[in-house]
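I have placed the structure first, in the form of structure tokens, so that the comments after it can refer back to it.
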Amino acid sequence: MDFPQELEDRYGSWLSPESQEDFAYYADICFKSFGDRVKYWVTFNEPSFQVKFGYQAGTFPPSRCSKPFGNCTYGDSEKEPFITAHNIILAHIAAVHIYRTKYQATQGGSIGIVLHCFWYEPISNSVADKLAAERAQSFSINWFLDPIIFGRYPQEMQDILGSILPEFSTTEKQKLNKGLDFIGINHYTSYYVQDCMFSACEPGPGTSKMEGYCAQSSQKNGTPIGEPTELAGRNVYPQGMEKIVTYLKDRYHNVPMIITENGYGDMNKPNSTTESLLHDVERIKYLAGYLDALSTAIRKGADVRGYFVWSLLDNFEWNSGYTIRFGLHHVDYETLRRTPKSSATWYRNFISQHIAKDCKKHHMFCNNVVD
């Protein structure tokens, strides 16, 4: 999602329709250069995060926002997220069109997009809270997938945003039809959602008009949605994996899915010892629970083609840098020595005992762990 600074300076990157043309040109070069080896293409990874944090909250580059969402030098939090998302969606479609018309027949690959997919649990059984949970999905995942697959924005977004939401031209609508071969799912945790459209809510995540009037929280009446972790808002809620996969299966007519990220993070605290980080029992519990929930969704008919743990190695985690470790292998950042954690051994054994057979049966591909 990084955009060349020159194009940011020239025309404002994703704020301009010119971004679509430049992205399509870039994608064409990639297909031409690497398509004989790359068989699974992803146009964008977590575009909703780029839009939200880059153009609404302003915490990621290009750091554009306006009050009350943030205090940036430039930006408009009420309009720019929807302009940038619109251009990203059309850039995705342009790349897919190029791949399908020029390369797919001879290269034999597939092309999709990756979304960060939270599961949203209504905080009560009320109709209002259930509708709020649906709005939360519409203002995050469906915001991108509905146009790509159905050719239109979610009805909830249209009803709430009105003219703020950009419109697709007749020509663009013709291209917006089943514009992917698979959906990539990055899933880690779930949240409770409370209605703020018909009930008063304290200001917070999700409560604004631009976010669908749905308050999001990791707790209900002081009780967390799942076991808390060292990362705020990353509670362990395995059933969320089954629910989000099933939701996408039902909404998008069981388009093939790949779990492109799923994992457990440890804080790299000053007093952390290598030994404690290698003995990562909590990560094993997390992966076991989420994989079991995923297998339930698959048994119920979800067309899941692959699963990837995030991540093979401890690495640089966006604006958190090296403060969080997600790896199955520990990395000493001074010497770059890589050491398998307990989870690497567990996952290797899990694959050999279970996944290898299931991958063959369901024609899936699964990442492996090496010693």
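Below, each value reflects all heavy atoms present in this structure, side chains not excepted, and no hydrogens, waters or symmetry copies.
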Carboxylate-amine/guanidinium proximity below 4.0 Å for R325 and E317:
no
Side chains of S208 and E211: do they bring a donor and an acceptor to under 3.5 Å?
yes
Applying ring-ring contact (aromatic ring centres under 6.0 Å, His included), run through Y99 and H97 and close with a yes or a no.
CA-CA 5 Å; Y99 187 65; H97 179 72; over 10 Å; no
With no hydrogens and no angle check, do the side chains of Y55 and S13 hold a donor and an acceptor under 3.5 Å apart?
yes
Any Lys/Arg nitrogen of E6 or R10 sitting under 4.0 Å from an Asp/Glu carboxylate oxygen of the other?
yes
Quick one: sort the W143 and F82 rings into parallel, tilted or perpendicular, breaks at 30° and 60°.
tilted
With distance as the sole test, does T246 use its side chain to make a donor-acceptor pair with the main-chain N or O of E242 at under 3.5 Å?
yes
Are I148 and H92 close enough that some pair of their side-chain heavy atoms sits under 4.5 Å apart?
yes
Can you tell if the side chain of Y237 reaches within under 4.5 Å of the side chain of F118, non-hydrogen atoms only?
no
Lys/Arg-Asp/Glu bridge criterion (N-O < 4.0 Å) met for R251, D146
yes
So, are R338 and D314 salt-bridged, with charged N and O less than 4.0 Å apart?
no
Check: M267 and L231 side chains under 4.5 Å, non-hydrogen atoms
yes
Between I93 and Q20, does a side-chain contact (heavy atoms from CB on, under 4.5 Å) hold up when you go through it step by step?
CA-CA 9 Å; I93 289 298; Q20 302 171 33; over 6 Å; no
Test side-chain hydrogen bond (donor to acceptor under 3.5 Å, both in side chains) applied to T273 and S276, step by step:
CA-CA 5 Å; T273 64; S276 66; 3.1 Å; yes
Test W14 against I88 for side-chain contact (heavy atoms from CB on, under 4.5 Å), laying out the working first.
CA-CA 7 Å; W14 293 118; I88 288 172; 3.7 Å; yes
Could you report the tightest heavy-atom contact between L328 and S343, atom names first, then the distance?
CD2-OG, 3.4 Å
Side chains of Q50 and N45: is there a donor and an acceptor less than 3.5 Å apart?
no
By side chain to side chain contact (heavy atoms under 4.5 Å, CB included), which residues pair with T274, not counting sequence neighbours?
L278, H330
For E227 and N235, which I'm curious about, is there any donor-acceptor pair between the side chains at under 3.5 Å?
no
So, is the end of the R234 side chain (NZ or CZ) under 6.0 Å from the ring centre of Y188 and within 45° of the ring's axis?
yes
Here the pair of heavy atoms bringing F23 nearest to T43 is CZ-O, 3.5 Å
Derivation and outcome, salt bridge (charged side-chain N to carboxylate O under 4.0 Å, His left out), residues K209 and E78
CA-CA 9 Å; K209 173 181 179 178; E78 295 188 356; over 6 Å; no
Give every residue pair that meets the side chain to side chain donor-acceptor pair (under 3.5 Å) criterion with at least one member in residues 21-32, sequence neighbours excluded.
Y11-D22, D28-K102, D28-Y103
Those residues at least two apart in sequence (or on a different chain) that pass side-chain hydrogen bond (donor to acceptor under 3.5 Å, both in side chains) with D129 are S124, S126
Ion pair present between E121 and K243, side-chain N to carboxylate O less than 4.0 angstrom?
yes
Any heavy-atom pair between the side chains of I183 and V114 that's under 4.5 Å?
no
Strictly by modelled atom types, are Q56 and S77 linked by a side-chain donor-acceptor pair under 3.5 Å?
no
Give, for atom CG of L248 and atom CG of L115, the distance between the pair rounded to the nearest 0.5 Å.
8.0 Å
With side-chain contact (heavy atoms from CB on, under 4.5 Å) as the test, would you mind laying out the steps for R135 and I160 before giving the verdict?
CA-CA 10 Å; R135 289 199 304 275; I160 292 173; 3.6 Å; yes
Test side-chain hydrogen bond (donor to acceptor under 3.5 Å, both in side chains) on E134 and Y247; report intermediate values, then the result.
CA-CA 10 Å; E134 181 61 33; Y247 175 85; 2.7 Å; yes
Quick one, F182 and R305 - any side-chain contact, counting heavy atoms below 4.5 Å?
no
Name the orientation class of the two ring planes belonging to W318 and F49 (parallel below 30°, tilted from 30 to 60°, perpendicular beyond 60°).
perpendicular
Contact check, side chains of C117 and I185, non-hydrogen atoms, under 4.5 Å
yes
Looking at every heavy atom in both E230 and K269, which two are closest together, and how far apart are they?
OE2-NZ, 2.8 Å
Can you name the residues that form a side-chain hydrogen bond (donor to acceptor under 3.5 Å, both in side chains) with Q155, not counting sequence neighbours?
D159
Quick one: disulfide (SG to SG under 2.5 Å) partners of C30, sequence neighbours excluded?
none
For the residue pair Y322 and N268, confirm or rule out a side-chain donor-acceptor distance under 3.5 Å.
no
Nearest heavy-atom pair of S140 and Y120: which atoms, and what distance?
OG-CE1, 3.8 Å
In short, V245 meets A302 closest at the heavy-atom pair CG1-CB, 3.6 Å
May I ask you to test the F144-P47 pair for a side-chain heavy-atom distance under 4.5 Å?
yes
Should E261 and H187 count as side-chain neighbours, where that means a heavy-atom distance under 4.5 Å?
no
Assign the ring pair F60 / F53 to parallel, tilted or perpendicular, where the plane angle (0 to 90°) is split at 30° and 60°.
tilted
Indicate whether the side chain of R299 and that of T296 have a donor and an acceptor atom separated by less than 3.5 Å.
yes
Spacing of OH belonging to Y286 relative to OG1 belonging to T229, to within rounding of 0.5 Å:
8.5 Å
Polar contact flag, side-chain donor to acceptor under 3.5 angstrom, Y252-N142
yes
Strictly under 2.5 Å separating the two SG atoms? Check that for C196 and C214, please.
no
Do W41 and F31 have ring centres separated by under 6.0 Å?
yes
Audit row: Y191, I123, side-chain contact (heavy atoms from CB on, under 4.5 Å) steps and yes/no
CA-CA 9 Å; Y191 292 95; I123 201 164; over 6 Å; no
Minimal non-hydrogen separation, G179 against R100, with atom names
CA-NH1, 4.0 Å
Rounded to the nearest 0.5 Å, what separation is found between the CG atom of D266 and the OG1 atom of T323?
11.5 Å
For the atom pair CG (N186) and OG (S48), what is the distance rounded to the nearest 0.5 Å?
9.5 Å
Side-chain ion pair, D195 and K130, N-O less than 4.0 Å:
no
With sequence neighbours left out, write down each residue that passes salt bridge (Lys or Arg N to Asp or Glu O under 4.0 Å) with K285, or none if nothing qualifies.
E282
Is it the case that the ring center of W346 lies less than 6.0 angstrom away from the ring center of Y264?
no
Angle between ring planes, Y153 versus H86, binned at 30° and 60°: parallel, tilted or perpendicular?
tilted
